2 protein chains.
Amino acid sequence: MTDRTTSSIAPIVVPKASDILASQLRQMIVQGRLGAGTFLPTERSLVAESGLSRTSVRDALRILESEGLISTKVGRSGGSMVTLPGRDSVARSVELFVRTHGIRLESLLECRVAVEPTLARLAARNRTDAALAEMTALHERFIASVDDVKSYKAINLDWHLAIARASGNEPLIALMEAISMPISDAMDYQHVTTPELRAIAVKAHTVILQAIAARDEDAAFNRMERHVAGYRDIATPRNGTKPARQG
Amino acid sequence: MTDRTTSSIAPIVVPKASDILASQLRQMIVQGRLGAGTFLPTERSLVAESGLSRTSVRDALRILESEGLISTKVGRSGGSMVTLPGRDSVARSVELFVRTHGIRLESLLECRVAVEPTLARLAARNRTDAALAEMTALHERFIASVDDVKSYKAINLDWHLAIARASGNEPLIALMEAISMPISDAMDYQHVTTPELRAIAVKAHTVILQAIAARDEDAAFNRMERHVAGYRDIATPRNGTKPARQG
DNA sequence: TTTAAGCAATGGTCCGATAAAATGCAACGT
DNA sequence: ACGTTGCATTTTATCGGACCATTGCTTAAA
């Protein structure tokens with residue numbers, strides 16, 4: 001190695017053309033300069049404006065599409081319409097994370113215990129009459145389905161999500177929607193839905209719903225906490241603590 | 001409108017070729033048949049195997065890349081390597097959601113109040129000595145920076161995230177990392193970092209850290225709850241409840 | 001042995017063309 | 001007047017080929 005003068009040039013990263021275009025469009029969307037429902041220019045227009053090839057333009061659009069920021073349709077008056085990413089987008093991302101990392105059921109249930117009591121409290125605070133009616137209807141179907149495990153589980157899921165949605169807290173709703181499906185899937189491998197536990201769950205739901213109906217925030221919080229903590233302790237019992245009785 | 005026989009044909013969706021390929025590859029990854037670190041076939045190999053054009057193959061790879069499932073490098077011995085999506089991937093998704101929907105600071109702080117006490121409890125339970133040392137070091141820098149608002153905020157953020165990481169609960173860590181940055185950004189528009197409040201925060205952090213060091217789960221939970229609930233009440237005071245004193 | 005030049009493999013980018021889908025419009029028949 | 005059908009138009013989807021840029025390996029030269 002001969003001695004050379006060492007220049008102080010930092011490593012230069014060459015971003016991809018499609019990434020640059022995607023970043024610019026993304027920024028315009030999050031800043032609100034491209035509101036939901038408005039259409040991006042056509043691919044060929046973007047080619048003309050950006051000076052890039054159609055390949056790069058399309059790569060950028062694919063990125064935005066998989067981020068849930070646009071939705072592309074073909075045909076006349078088609079194109080790429082701005083569509084704000086919904087909670088399902090967050091849920092997909094979390095689900096990928098959970099599944100690829102093999103997150104244990106224990107962690108997911110701990111997560112739920114952290115979140116759902118607050119959701120119940122906020123639901124008691126913010127619920128509308130329509131939301132209450134929906135929860136009540138689900139609860140009645142829940143009671144009726146106590147003998148059919150399959151629909152029992154589905155309705156149970158829906159009821160918890162209905163409470164979450166009634167809370168009005170979008171980030172927490174998204175988290176709850178994100179972890180509900182993995183929890184439900186993982187629960188299939190456990191046998192935590194005995195007839196006795198199902199009866200207990202029905203009672204727990206009843207008192208929680210009463211608290212939410214009465215707008216009793218503390219009661220909703222506490223009863224929901226006992227409910228989900230009970231599930232956690234049954235599914236993943238910890239050392240030294242007996243599974244608490246649910247209800 | 002003349003009467004016709006109504007056929008029971010459901011709407012037919014024509015999936016895109018790239019979506020199909022992306023789904024297949026995604027499934028192979030989440031099922032573990034393509035472990036992290038392994039390489040996908042080269043683009044040209046995928047073209048040969050799938051019978052699709054290189055455009056479609058590349059579209060599929062772009063989708064997987066933006067999902068954080070692969071990372072593509074150019075050059076000889078380059079290609080698309082399987083990389084499991086990290087918490088940053090979830091954080092990006094949540095951040096997009098929060099920013100595009102204009103989620104209010106109130107909701108984010110409520111979210112934090114729901115999550116951080118549990119994180120403190122789990123940190124008290126699961127912390128390693130190394131994690132405690134990191135938190136303590138950050139705390140000392142926190143105390144020293146009480147007069148420099150900029151570094152104060154940065155260190156504050158890091159300290160909270162350090163506690164989250166010490167909890168060992170990956171989903172909750174991801175959520176915390178996801179909402180921390182938006183909260184910090186939104187806080188800039190509020191004036192909630194007066195010198196007095198900073199001094200109070202230092203005291204709060206001190207007692208929380210003591211509880212975590214002593215592995216006192218309940219104390220960690222309660223003190224963290226008072227701390228973050230105090231922030232919430234100061235930043236977004238609700239009707240009828242005075243902002244609680246922090247500490 | 002060391003260095004530099006050349007080669008090979010791979011993704012990045014570009015171009016042009018055709019296929020497929022969706023919409024609007026006009027012609028047609030009733 | 002009405003509804004239906006077919007055609008034209010616009011747009012994305014897909015294809016095929018070519019060349020460029022980057023990277024790592026190999027080989028030849030000093």
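So you know, we letter chains A, B, ... as the sequences are listed, proteins then strands, and number each from 1. Side chains are part of it too, since the values below use all heavy atoms of this structure and drop only hydrogens, waters and symmetry mates. Quick caveat: nothing in here was measured; it's all calculated off a predicted structure.
Atom-to-atom, CZ of A:Phe39 to P of C:dA22 comes out at 13 Å; the value is rounded to the nearest Å. Atom CD1 of B:Ile12 is separated from atom P of C:dA20 by 16 Å (rounded to the nearest Å).
Ion pairing between A:Arg232 and A:Glu106 fails under the 4.0 Å rule for side-chain N and carboxylate O. Salt bridge status for A:Arg165 with A:Glu177: present, with a side-chain N to carboxylate O gap under 4.0 Å. We find that A:Glu65 and A:Arg62 are joined by a salt bridge, their nearest charged nitrogen and carboxylate oxygen being less than 4.0 Å apart. Salt-bridge check for B:Arg127 with B:Glu134: failed, with every basic side-chain N at 4.0 Å or more from each acidic carboxylate O.
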task: Would you mind building the protein contact string for nucleotides 9-17 of chain C? One character per nucleotide, 5' to 3', B for base within reach (heavy atoms under 4.0 Å), S for sugar-phosphate only, - for untouched.
output: BBBBBBB-B
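Using cut-offs of 30° and 60° for the angle between ring planes, the A:Trp159 and A:His205 rings count as parallel.
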